[in-house]
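The structure appears below as structure tokens.
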Amino acid sequence: MASLIEVRDMLALQGRMEAVQLSARLHTPQALIDAMLSRLEAMGKVVKISEDPDGCLSGSCKSCPEGKACLREWWALR
């Protein structure tokens with residue numbers, strides 16, 4: 001299991017990562033990584049970076065039946 005410090009250090013080394021990538025690299029369940037990222041965000045240590053829906057390559061995100069499920073979210077140090 002990873003700690004908050006390990007999550008922070010991984011983001012420092014990689015620049016920005018998705019929660020799924022952090023989970024795989026740190027061998028930690030996704031739910032725990034999500035909770036850690038939320039805590040680090042509340043502490044002002046990390047920031048969530050979301051893709052702009054207007055930047056959708058196909059241009060059909062607004063009418064997509066998946067409800068913008070293809071949009072990615074990254075995390076980076078503040």
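Hydrogens, waters and symmetry mates are skipped; everything else that's a heavy atom, side chains included, is used.
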Problem set entry | Shared hydrophobic cluster for Met1 and Leu40 (ILVMFWY, side-chain gaps under 4.5 Å) |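 Yes, same cluster.
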For this session: Answer yes if Leu11 and Val47 sit in the same cluster of Ile, Leu, Val, Met, Phe, Trp and Tyr residues linked by side chain heavy atoms under 4.5 Å apart, and no otherwise.
Result: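 Looking at the clustering, Val47 is in a separate group from Leu11.
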Problem set entry | Listed partners of Lys48 passing side-chain contact (heavy atoms from CB on, under 4.5 Å), at least two apart | Glu41, Ser50, Glu73, Trp75
For this session: Can you sort out the partners of Leu13 under side-chain contact (heavy atoms from CB on, under 4.5 Å), two or more places apart, ordered by chain and number?
Result: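 Result, side-chain contact (heavy atoms from CB on, under 4.5 Å) vs Leu13: none returned.
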Exercise. Any side-chain heavy-atom pair from Val46 and Arg8 closer than 4.5 angstrom?
Worked result: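 The answer is no; the side chains never approach within 4.5 Å.
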Taking only distance into account, with no hydrogens and no angle test, what donor-acceptor pairs under 3.5 Å do side-chain atoms of residues 18-26 form with protein atoms, sequence neighbours excluded?
| unit_1 | atom_1 | unit_2 | atom_2 | d |
| --- | --- | --- | --- | --- |
| Glu18 | OE1 | Arg72 | NE | 3.4 |
| Glu18 | OE1 | Arg72 | NH2 | 2.9 |
| Glu18 | OE2 | Arg72 | NE | 3.4 |
| Gln21 | OE1 | Glu18 | N | 2.8 |
| Ser23 | OG | Thr28 | O | 2.5 |
| Ser23 | OG | Gln30 | N | 3.4 |

Problem set entry | Heavy-atom closest pair, residues Val7 and Leu37 |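 Minimum heavy-atom separation between Val7 and Leu37: CG1-CD2, 3.9 Å.
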For this session: Looking only at non-hydrogen atoms, find the nearest pair between Met36 and Ala2 and report the distance.
Result: CE-O, 2.8 Å
